[in-house]
Amino acid sequence: MQQVRVQAGLQTQQAGNVEIGVDGPVDARSPGSGLEQGTRRGPAAAAEPLTGLAQRLLREGMVSRDALTEALRASREQAASLVACLVSTGRGDAGRIAVAAAREFGVPALDLDAVDTDPEASTLIPADLLRQHRVLPLVRRGARLFVGIADPSNIRALDDIERQTSLRVEPVVVEHDKLEARIAGSIRAQDAAVAAFDFADFDPEGLHALDDGNDPEFASADVDDAPVVKFVNQVMLDCVNRGASDIHFEPYEKTYRIRMRHDGVLSEIAHPPMALAGRLAARLKVMAKLNVAERRMPQDGRIRMRLSPDRAIDLRVNTCPGLFGEKVVCRLLDPASVETRIDELGFEDEQKRIYLHHLARPQGMILVTGPTGSGKTVSLYAGLNTLNTPDRNIATAEDPAEINLPGINQVNVNPRVGLTFATCLRAFLRQDPDIIMVGEIRDLETAEVAIRAAQTGHLVLSTLHTNDAPRTLTRLVDMGVKPYAIASSVSLIIAQRLARTLCSACKRPVQIPRDILLEEGFPPEEVDAGITLYAAHGCNRCNAGYHGRTGIFQVMPVSGFISRIIMDGGNAMQIAQRAAIEGVGDVRRSGLAKVGRGLVSMEELNRITAD
């Protein structure tokens with residue numbers, strides 16, 4: 001086959017390449033393959049004049065008129081290209097037809113035997129588009145993607161690929177038979193790459209979504225191919241079994257990675273082919289009942305997965321459009337992995353006593369604060385579990401409820417229909433409550449209703465996002481809550497972090513100089529008395545030397561002195577100074593106590609408490 005060089009940088013063999021003149025440039029996307037002849041059948045169709053590629057093939061003596069007429073009829077009936085019908089039936093030579101098509105449409109031709117396709121380009125078009133449009137990605141050059149195609153008049157194929165890749169698609173004519181062989185190989189490679197991700201001891205039939213997107217709205221989403229379904233199920237089940245809290249599906253320019261957050265730290269678990277990026281995102285969106293066609297805006301959804309007849313988990317799903325596709329993050333809410341007993345959370349004895357004391361009070365507000373993922377909601381669940389008795393009416397408003405607690409009335413907020421935290425609180429106050437839990441105070445309206453409930457004979461529990469307990473009080477002032485309302489309602493603030501605990505089987509003692517220990521914050525008397533610190537080592541029973549997590553807390557009762565500071569407009573520093581005088585240590589001090597007992601490494605404490 002004589003070959004036209006691709007001028008945009010395709011590497012070809014130079015021997016035997018010949019520049020072929022084009023009889024006047026023709027838009028590669030204009031009609032001209034002979035497929036525009038209409039839909040007439042029978043003798044009338046045979047009498048139709050030939051145009052475009054069909055006319056050139058007849059004029060150059062490559063194919064007879066009868067063969068062209070029959071091929072055109074077959075192409076209309078089978079919705080196939082003229083080239084495919086000619087080559088597959090042996091009516092024309094694939095090499096000569098490719099050269100004729102290059103001349104007719106004014107595009108370059110390429111001998112596929114002379115080049116290797118770019119691995120990066122091969123990941124840009126998923127297998128379903130390869131099957132549908134019979135095209136092959138060859139190479140990417142900046143914002144242009146060169147694709148091999150036997151019939152350049154296939155406008156729909158070129159447009160669909162442009163929408164999929166957001167690149168300008170440049171067609172390159174290749175021989176039909178070689179194209180089909182390459183496409184089959186590319187599809188096999190993609191399917192093999194998915195099949196390669198096979199986790200041990202996995203039964204995909206044992207994991208399925210409840211109501212996982214069977215709505216007619218999503219029926220057209222072509223994502224129910226078995227390899228993708230199986231792969232998503234494998235990832236989810238593996239992360240559940242390993243105790244992960246989040247799964248990140250992340251597309252990048254040249255790679256795709258999946259990470260999980262375990263014990264607060266992200267780690268990579270899989271690198272599926274880039275060609276699966278769209279299919280993975282679409283599958284997750286179908287399961288979460290999201291709009292598959294919407295790729296420009298973030299979306300929030302929820303998946304309920306059944307692991308066994310008596311165990312199910314919920315996943316909060318969020319999608320966010322990125323430069324190279326949609327990133328999807330799933331938050332795993334597994335009740336079986338959450339400890340709801342106060343004794344197991346990591347409180348020091350005095351801290352636990354203070355918490356239980358304020359839980360026993362008939363009214364007031366208890367706030368738990370800390371960054372996202374620090375275990376705030378679990379601490380509140382542990383308190384509710386202690387209070388959950390038949391003589392109390394307990395109601396919670398959450399986003400969403402992470403653990404089903406029998407005996408407690410739990411409501412999932414839904415802002416899209418107007419069911420906000422504030423709306424739930426107002427409804428609760430009309431239902432004779434004793435104890436109310438608000439998942440998070442996010443705005444002034446919610447704060448004011450919660451404080452009013454705490455002032456009128458109810459115990460209210462909630463969370464805020466601040467770094468320590470003193471800043472929580474000033475945060476409420478910044479939101480617009482009156483200082484006197486804060487001073488008369490808030491009774492206890494708990495700031496917390498979650499620290500990875502050292503593996504008891506492999507932790508190793510380390511020697512640290514005295515001056516370093518003092519710089520880290522250890523009291524001189526403890527250093528002089530002798531303390532042993534431990535570091536992570538790693539074994540087959542743990543994850544890089546760590547196993548599980550424990551809470552590190554600052555428990556600050558709002559005393560009369562602190563209330564007066566609030567009323568006088570004092571700042572967080574003044575509140576912290578007064579709390580220290582009253583014996584309230586900060587989060588780091590609580591962490592140092594666990595480091596000194598060999599539960600937490602110094603490195604881990606610095607990771608979670610560094611300012």
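- Side-chain atoms of Lys285 come within 3.5 Å of backbone atoms of Val292 as a donor-acceptor pair (strictly under, hydrogens ignored).
- Around NE2 of His547, the count of heavy atoms belonging to other residues, nucleotides or ligands within 6.0 Å does not exceed 12.
- Ring geometry for Tyr355 against Phe347 counts as tilted: the plane angle lies between 30° and 60°, on a 0 to 90° scale.
- Side-chain N/O atoms of Thr369 and Thr466 include a donor and acceptor closer than 3.5 Å.
- Here the NZ-OG1 distance, from Lys376 to Thr463, works out to 5.5 Å after rounding to the nearest 0.5 Å.
- A salt bridge does not link Glu604 with Arg497: none of the charged nitrogens is closer than 4.0 Å to a carboxylate oxygen.
- Between Gln496 and Pro371 the shortest heavy-atom distance is O-CD, 4.0 Å.
- Using a 4.0 Å cut-off between a side-chain N of Lys or Arg and a carboxylate O of Asp or Glu, Arg296 and Glu294 qualify as a salt bridge.
- With hydrogens and angles disregarded, no donor-acceptor distance shorter than 3.5 Å links the side chain of Thr319 to the backbone of Glu326.
- Of the possible polar contacts, none joining the His537 side chain to the Arg508 backbone as a donor-acceptor pair under 3.5 Å is found.
- With hydrogens and angles disregarded, no donor-acceptor distance shorter than 3.5 Å links the side chain of Thr446 to the backbone of Ile441.
- For Glu603, the CD atom counts as loosely surrounded, since its 6.0 Å shell holds 12 or fewer non-hydrogen atoms of other residues, nucleotides or ligands.
- Of the possible donor and acceptor atoms, none in the side chain of Asn393 sits under 3.5 Å from a partner among the backbone N and O of Ile435.
- Proximity of a side-chain donor or acceptor of Asn388 to a complementary backbone N or O of Pro406 within less than 3.5 Å is detected.
- Here the options are Val600, Ile608, Val265, the test is side-chain contact (heavy atoms from CB on, under 4.5 Å), and the partner is Arg500; only Val265 passes.
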Dump the intermediate steps for salt bridge (charged side-chain N to carboxylate O under 4.0 Å, His left out) on Asp300 and Arg316, then the final yes or no. CA-CA 7 Å; Asp300 291 292; Arg316 280 188 293 177; over 6 Å; no

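- Of the possible polar contacts, one joining the Arg588 side chain to the Glu520 backbone as a donor-acceptor pair under 3.5 Å is found.
- A donor-acceptor contact shorter than 3.5 Å is absent between the side chain of Glu268 and the backbone of Arg257.
- Taking a cutoff of 4.0 Å between a charged side-chain nitrogen and a carboxylate oxygen, Glu348 and Arg589 do not qualify as a salt bridge.
- Of the possible donor and acceptor atoms, none in the side chain of Lys594 sits under 3.5 Å from a partner among the backbone N and O of Ile552.
- Checking side-chain atoms of Gln554 against main-chain N and O of Ser590 turns up no donor-acceptor pair under 3.5 Å.
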